[in-house]
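The block underneath contains the structure these notes are about, expressed in C-alpha cells.
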Amino acid sequence: MADSLRRRNKSSSSTTSNDNNDGENNNMDSADKSAGILSTVLSDDSANLQLLRADSSGFPGSTSTDGASPSADNDSTNNCTKHTAATPTRRMRLEMSPLSVHKDESRLTKLLTRSISSLVMISVFIAILLSGHVYVCAFIAGIQVLLFRELVTVRYNAYFDRIDRTIPLFRTTQWMWFFVSIFYAYSEFVVEIIKSNTKLHDLFEYAQLAPALSFTLYTGTFVLTIATMQTGHIKFQLNQLCWTIVVLCLTVGQLKYIMHNIYNGLIWFTLPILLVITNDVMAYFSGVTCGRKFIHRTFMELSPNKTWEGFIGGGVFTMIVGWYLSRWLSQFTWMTCPTNQFVWMPGSLECEVENIFHEATTYFPSQVFELLPRAIIHLFPNVVEICSVDGDVSNLTACISGASNQRHHHYELAISIVPIQLHAISLSLFASLVAPFGGFLASAIKRAYGIKDFDSIIPGHGGLMDRFDCQMIMALCTWVHYNTFVKLTTVSVAKMLYMYKLLGEDERREFMEKITQISS
C-alpha cells in the first residue's frame with residue numbers, strides 16, 4: 001500500500017513538473033535575482049541561527065528544531081559547543097556576522113592608527129615648543145596655510161567643473177586674499193615687537209611702511225577680484241568671495257593674536273591648546289562610557305554622536321586638569337617669561353617672574369561656611385574655627401577647646417594657590433562651553449558638502465581642520481583674557497620711547513613739560 005502511494009505521488013509530481021516547466025524557465029532570472037538578494041540578507045542570520053541552535057543544545061531541557069532531544073545531537077555539534085564555551089572571546093566573534101567582524105577589526109585598526117598619530121603629533125609639538133619662539137611662530141604660520149587650503153578646497157571640489165571652465169584666476173585670487181591677510185596680521189605683530197624692544201627701534205622707519213604696504217596689497221587684490229568677474233556667473237562668484245572671507249575670518253582673524261600669546265609667555269600658548277585637547281579626549285571617553293544613560297535628549301543635531309554626558313564630563317575633567325596643569329607649567333621660566341627678540345638659536349630665558357606665577361595664600365570666603373552645618377564644615381581639611389576673646393571682636397584667635405572666655409566668630413580656610421590657577425579655571429570654562437562650537441561649525445561644513453574629513457594629512461584623524469577646529473577661537477579668547485585680566489600689553493616703557501621718537505620737536509618739548517608736571 002505504501003509502495004503504491006509513493007509511485008502515485010512520484011508520477012503526480014512528474015506531471016506537475018512537466019506542466020510548469022515553461023513557467024519556471026520564464027521566471028528563472030527573477031528567481032536567481034531574488035535568491036541572490038535573499039542569500040545576501042539572510043546569510044548572516046542563518047549562520048547566527050545555526051550557532052544559536054548549537055548553543056541551545058547544550059542547555060538542559062532544550063530541544064532542536066525538528067523536535068529531537070539533545071541526546072540526538074551528533075558529536076561535532078557537542079564539540080563545537082564545548083569549544084565555544086571554553087573560549088568566550090572566540091565564541092563572541094563566531095556569533096558575529098562577517099560584516100560585524102569586519103567593522104570590529106576596522107574599528108580597532110582605526111583606534112591604533114589614531115593613537116600612533118596622536119603620539120607623533122605630541123612628540124612634534126613638544127620638540128617645536130622647546131626649539132624656541134621663532135620656530136613656534138613658523139609652525140603656526142604653516143598650519144594656517146594648510147587650514148586655509150583645506151577649507152577653500154571644500155567648495156572648490158564641489159564646484160570644480162564650473163570653476164575650471166568659466167572663472168579665470170579663481171584660485172589665484174583666493175590665495176592673494178590669504179596673503180594680504182597674513183601680511184597685515186604678521187606685519188602688525190612685528191611692529192609690536194619692534195616697539196617693545198629698544199634695540200630694534202632703529203627699524204621704526206621701515207615699520208612705518210607696513211600699513212601702506214598692506215593697503216597696497218589689499219587694493220591690488222580687490223581690483224583683480226572684481227576684474228575677473230564674469231557677467232553670467234556674478235552671483236556664484238560673490239558666493240565664492242563670501243566663502244573666502246569666512247575662511248579668512250576663521251583661519252587668520254581668530255589666529256591674529258596667537259603670535260602675541262607666544263611672545264607674552266609660552267604658557268599662554270601651551271595651556272589653552274592642552275585644555276582643548278583635554279576637553280576633546282575626556283568628552284569622548286565620557287560619552288562612550290556614560291552617553292545617553294542619564295540624559296536621552298539629543299545634544300546637537302549638527303553632530304549626532306555628541307551627548308550631554310560627554311559635554312558635561314569633558315568640562316569637569318578639563319577644569320580639574322587645568323587647575324593642576326597650570327600650577328605645574330608655572331614652575332618653568334621657559335613657559336612664564338615673555339620675550340621680545342627674534343632669536344634663531346635660543347638659550348635659557350631669565351626674567352622677573354610675574355606675580356601670578358608665584359605661590360600665594362588666599363582665604364576662602366567665610367560666609368559660605370555659615371550656610372553649612374557644623375558637622376559638614378569639620379569634614380573639610382585645614383578649616384580653622386576663629387573665636388573672639390571676652391566678646392571683643394577685634395581680638396580674634398583660633399578657638400581652644402574648653403576655653404570659657406572664647407566665643408565662636410567664624411570659620412577660616414587658608415588655601416595656598418598660584419594665581420595662574422584661577423586664570424586657568426576661566427580658560428577651562430571657555431574651552432569646555434564655547435570652544436566645542438568650533439567643532440560643531442566644522443561638522444556643519446562637512447555635513448553641508450557631504451565629506452567625512454577635510455583632508456587625510458593626519459592618519460586616523462583626517463585633516464588639520466578636524467583637529468584645530470576648536471583651537472582657533474580658544475587662541476583669540478586667551479589674548480582677550482590676558483589683556484583684560486592679566487596685563488595690558490599695549491603700554492610699556494619701550495613702546496612709549498618708540499612713540500616719543502615719532503614726535504616732532506615741538507611735540508617732544510610739550511611731552512617733556514607734561515611729564516615734568518606729572519612727576520612734580
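All figures in this text were calculated on a predicted structure; none of them were measured in a lab.
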(request) Walk me through it: do Lys235 and Leu238 pass the test side-chain contact (heavy atoms from CB on, under 4.5 Å)? (result) CA-CA 5 Å; Lys235 185 175 181 180; Leu238 289 175; 5.8 Å; no
Is the backbone of [Y] close enough, under 3.5 Å, to the side chain of [X] for a donor and an acceptor to pair up by distance?
X      : Y      : answer
Ser117 : Pro459 : yes
Asn264 : His260 : yes
Glu507 : Gly504 : yes
Ser426 : His423 : no
Thr166 : Ile163 : no
Gln421 : Trp323 : yes
Asp466 : Phe454 : yes
Ser303 : Met300 : no
Asn197 : Lys199 : yes
Gln237 : Thr228 : yes

(message) One pair to check against side-chain contact (heavy atoms from CB on, under 4.5 Å): Thr153 and Glu150. What are the steps and the verdict?
(response) CA-CA 5 Å; Thr153 301; Glu150 290 180 0; 5.8 Å; no
Quick one: are [X] and [Y] in side-chain contact, heavy atoms under 4.5 Å?
X      : Y      : answer
Leu266 : Leu129 : yes
Met474 : Leu427 : yes
Tyr159 : Gln240 : yes
Trp268 : Tyr263 : no
Ile420 : Arg327 : no
Gln254 : Trp479 : no
Val134 : Val343 : no
Met335 : Leu349 : no

(message) Given His133, which partner from the list Phe269, Phe139, Trp334 fulfils the ring pair (Phe, Tyr, Trp, His ring centres under 6.0 Å) test?
(response) Trp334
Measure the spacing between [atom1] of [X] and [atom2] of [Y] and express it to the nearest 0.5 Å.
X      : Y      : atom1 : atom2 : answer
Leu255 : Leu250 : CG    : CG    : 9.5 Å
Ser326 : Ile267 : OG    : CD1   : 6.5 Å
Leu248 : Gln144 : CG    : CD    : 10.5 Å
Thr172 : Leu224 : OG1   : CG    : 8.0 Å
Ile258 : Leu476 : CD1   : CG    : 10.0 Å
Ile277 : Met282 : CD1   : CE    : 13.5 Å

(request) Apply ring-ring contact (aromatic ring centres under 6.0 Å, His included) to the pair Phe236 and Phe170, showing each step before the final yes or no. (result) CA-CA 12 Å; Phe236 175 75; Phe170 176 80; 7.2 Å; no
(message) Please confirm whether the ring centroid of Phe189 lies under 6.0 Å from the ring centroid of Tyr186.
(response) no
For a quick check under 3.5 Å, do [X] and [Y] share a side-chain donor-acceptor pair by atom type?
X      : Y      : result
Tyr449 : Arg155 : yes
Thr113 : His461 : no
Ser416 : Glu359 : yes
Thr244 : Gln174 : yes

Verify the neighbour count for atom [atom1] of [X]: are there more than 12 heavy atoms of other residues, nucleotides or ligands below 6.0 Å?
X      : atom1 : value
Phe317 : CZ    : no
Phe332 : CZ    : yes
Tyr411 : OH    : yes
Tyr324 : OH    : no
Tyr284 : OH    : no

So, for [X] and [Y], which heavy atoms are closest and what is the spacing to 0.1 Å?
X      : Y      : value
Ala185 : Lys256 : CB-CG, 4.0 Å
Ile377 : Phe369 : CD1-O, 3.1 Å
Ser432 : Gly314 : OG-O, 4.3 Å
Phe183 : Ala210 : CE2-O, 4.0 Å
Met319 : Leu429 : SD-CD2, 3.4 Å
Gly463 : Ile457 : CA-CG2, 3.9 Å

(message) Quick one, Phe294 with Trp308, criterion ring-ring contact (aromatic ring centres under 6.0 Å, His included). Give me CA distance, side-chain angles, the key distance, then yes/no.
(response) CA-CA 9 Å; Phe294 303 97; Trp308 280 101; over 10 Å; no
(request) Applying ring-ring contact (aromatic ring centres under 6.0 Å, His included), run through Phe380 and Phe364 and close with a yes or a no. (result) CA-CA 12 Å; Phe380 289 90; Phe364 193 79; 7.7 Å; no
(message) The test is ring-ring contact (aromatic ring centres under 6.0 Å, His included); show your working for Phe178 and Trp175 and say whether it passes.
(response) CA-CA 5 Å; Phe178 176 74; Trp175 282 102; 5.5 Å; yes
(request) Would you sort out whether Leu147 and Met472 count as a side-chain contact (heavy atoms from CB on, under 4.5 Å), showing the intermediate values? (result) CA-CA 11 Å; Leu147 288 173; Met472 295 181 287; 4.0 Å; yes
(message) By the salt bridge (charged side-chain N to carboxylate O under 4.0 Å, His left out) test, which pairs, at least two apart or in different chains, include something from residues 290-310?
(response)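 Residue pairs passing salt bridge (charged side-chain N to carboxylate O under 4.0 Å, His left out), neighbours aside: none found.
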(request) Give me the ring orientation class for Phe222 and Tyr218: parallel if the planes are under 30° apart, tilted from 30 to 60°, perpendicular past 60°. (result)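 Judged by the thresholds at 30° and 60°, the geometry between Phe222 and Tyr218 is parallel.
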(request) Evaluate side-chain contact (heavy atoms from CB on, under 4.5 Å) for Phe148 paired with Trp177, printing each intermediate quantity in order. (result) CA-CA 11 Å; Phe148 180 80; Trp177 282 113; 5.8 Å; no
